[in-house]
Protein chains: 2
Amino acid sequence: MGLTAERVTLVGAELADEVGLEHVTMSAVARRLGVKDASLYAHVRNLDDLRGRIALLAADEKTVRIAEATAGRAGRDALVAYANAWRAYAHECPGRYTATQTPMEIDPELVARATGPRRAIELTYRMLRAYELDEPDLTDAVRLLRSTLHGFVSLEAAGGFAHARPAEATWARSLDALHTLLENWPAHPTEGDST
Amino acid sequence: MGLTAERVTLVGAELADEVGLEHVTMSAVARRLGVKDASLYAHVRNLDDLRGRIALLAADEKTVRIAEATAGRAGRDALVAYANAWRAYAHECPGRYTATQTPMEIDPELVARATGPRRAIELTYRMLRAYELDEPDLTDAVRLLRSTLHGFVSLEAAGGFAHARPAEATWARSLDALHTLLENWPAHPTEGDST
DNA sequence: GATATAACCTAAGGGCTCTAGGAAAGGGGT
DNA sequence: ACCCCTTTCCTAGAGCCCTTAGGTTATATC
């Protein structure tokens with residue numbers, strides 16, 4: 001009793017973490033809510049809409065986690081806290097996390113109301129301020145950081161790392177590497193062709 | 001006429017590039033082959049099996065591309081060629097690429113016959129040999145490299161980079177950064193807590 | 001020529017998405 | 001007290017997809 005878009009989204013998110021985002025289905029969500037499939041369409045436009053809402057919810061949650069983790073920290077400390085919060089979220093909420101990363105068109109009106117993605121970007125730029133990079137280096141650094149973190153957890157989730165060496169160890173080394181890289185950011189792009 | 005598992009897989013791969021891996025469906029593949037859905041089951045166990053075969057095909061193709069691109073190169077040249085071949089494959093064959101990255105259980109017998117994944121690893125280790133890293137640093141470097149490349153193209157595909165600065169420029173800088181990072185690989189892991 | 005095998009078919013069950021239209025319950029105004 | 005309206009959920013049903021079972025035809029084998 002008392003369905004709302006939020007409740008539907010939340011159940012969808014839980015389901016995504018349990019069985020994978022691709023198995024989040026209208027029927028399954030309805031089943032879990034003790035309701036018929038058709039009833040969901042009063043609160044959510046369709047399956048894609050639901051997935052978009054899950055993505056936005058996840059983006060918000062992830063941003064909050066990172067914000068809490070980095071609060072009051074700076075420099076290397078902040079970087080490590082940022083990265084660990086990112087990875088922890090991906091581990092705890094795999095379905096939600098992949099939702100944030102799945103390319104899809106989300107209702108622009110919903111996006112406008114969501115604060116997560118915007119805040120995430122500000123947060124990242126602020127966190128990197130300690131490294132004193134100027135544009136466009138700052139943007140490049142933000143992108144490289146996001147690429148590395150996302151790539152790592154994504155490969156990890158896909159089972160891309162053989163068991164030989166614990167992923168944990170590689171993670172620590174990677175953060176080290178990222179930190180020293182940010183501190184010694186190559187001053188000028190070598191004008192070599194990279195095409 | 002003359003369906004084979006290979007032909008089904010190939011059509012599936014084409015379809016994946018055109019409409020996205022998640023829209024590769026038995027019906028769609030059958031339609032494109034001018035055949036009834038049920039006929040495919042003589043050559044492919046089921047939809048998951050088909051997707052697994054696409055993934056293996058893609059892994060092979062990507063490995064070949066990278067091998068060709070890096071042949072006869074070393075050091076920075078090899079790194080740039082490797083990375084560009086990786087990214088080019090992801091751009092040209094987005095559906096196949098995401099297949100390589102989708103976590104799924106593939107028929108072990110098929111995996112055993114696929115040379116792509118194995119070769120890819122050898123290739124990467126060989127390519128990084130110029131940087132003269134010892135284990136376990138070498139493994140960490142391989143993982144970091146793969147993380148960064150995959151993360152970048154993945155974010156790029158998901159529309160994660162706003163249009164402000166061309167992704168191309170960030171890519172070039174990132175390769176620079178990766179190169180200098182590999183040349184000055186931090187000697188010893190700082191024993192800081194990263195948990 | 002008889003038989004086995006491979007390649008493809010029709011038929012059918014069951015799950016999922018989504019639309020259309022209906023019943024029941026609560027609130028507001030008169 | 002009554003009416004109406006809105007909300008919330010329902011049933012019914014069309015359409016697509018996955019998958020199995022069992023039949024048909026053509027080709028290869030003996």
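Within every chain, numbering begins at 1; the chains are lettered A, B, ... in the order of the sequence lines, protein sequences first and strands thereafter.
Of the residues in residues 43-55 of chain A, A:Asn46, A:Leu47 come within less than 4.0 Å of DNA chain C through at least one heavy atom, sorted by number. A heavy atom closer than 4.0 Å to some atom of DNA chain C occurs in no member of residues 16-24 of chain B.
Scanning for side-chain contact (heavy atoms from CB on, under 4.5 Å) contacts around B:Asn184 gives an empty result, with sequence neighbours left out. The side-chain contact (heavy atoms from CB on, under 4.5 Å) check on A:Val44 picks up A:Val8, A:Met26, A:Asp49, A:Leu50, A:Arg53, with sequence neighbours excluded.
The local environment of CZ in A:Arg45 is sparse, with at most 12 non-hydrogen atoms from other residues, nucleotides or ligands closer than 6.0 Å. Other residues, nucleotides and ligands contribute only 12 or fewer heavy atoms inside 6.0 Å of the CD atom of A:Glu132.
B:Phe161 carries A:Arg143 over the face of its six-membered ring, with the cationic atom under 6.0 Å from the centre and within 45° of the normal.
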Can you pull every protein N or O that's under 3.5 Å from an N or O on nucleotides 10-12 of chain D?
residue: D:dC10; atom: OP2; partner: A:Lys36; partner atom: N; Å: 3.0
residue: D:dC10; atom: OP2; partner: A:Ser39; partner atom: OG; Å: 2.5

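A salt bridge links A:Arg87 and A:Glu156; the closest N-O separation between the charged side-chain nitrogens and carboxylate oxygens is under 4.0 Å. Salt bridge B:Arg76/B:Asp176: present, at least one basic N to carboxylate O contact under 4.0 Å.
Taking 4.0 angstrom as the limit, A:Thr25 places none of its side-chain polar atoms (N or O) nearer than this to OP1 or OP2 of C:dG15.
Ring pair A:His179/A:Tyr131 is perpendicular by interplanar angle, where above 60° counts as perpendicular and below 30° as parallel.
Applying the under-4.5 Å side-chain rule to Ile, Leu, Val, Met, Phe, Trp and Tyr, the cluster around B:Leu57 extends to B:Leu10.
Between B:Tyr41 atom OH and D:dT19 atom P the separation is 4 Å, expressed in whole Å. In this structure, the CE atom of A:Met26 is 11 Å from the C1' atom of C:dC16, given to the nearest Å. In this structure, B:Leu15 places its CG atom 14 Å from C1' of D:dC17, rounding to the nearest Å. In this structure, B:Arg31 atom CZ and D:dC17 atom C1' are separated by 9 Å, rounded to whole Å.
With A:Glu14 contributing its side chain and A:Glu18 its backbone, the two residues share no donor-acceptor pair below 3.5 Å.
Linking ILVMFWY residues whenever their side-chain heavy atoms come closer than 4.5 Å, directly or via other members, leaves B:Met127 and B:Val64 in distinct clusters.
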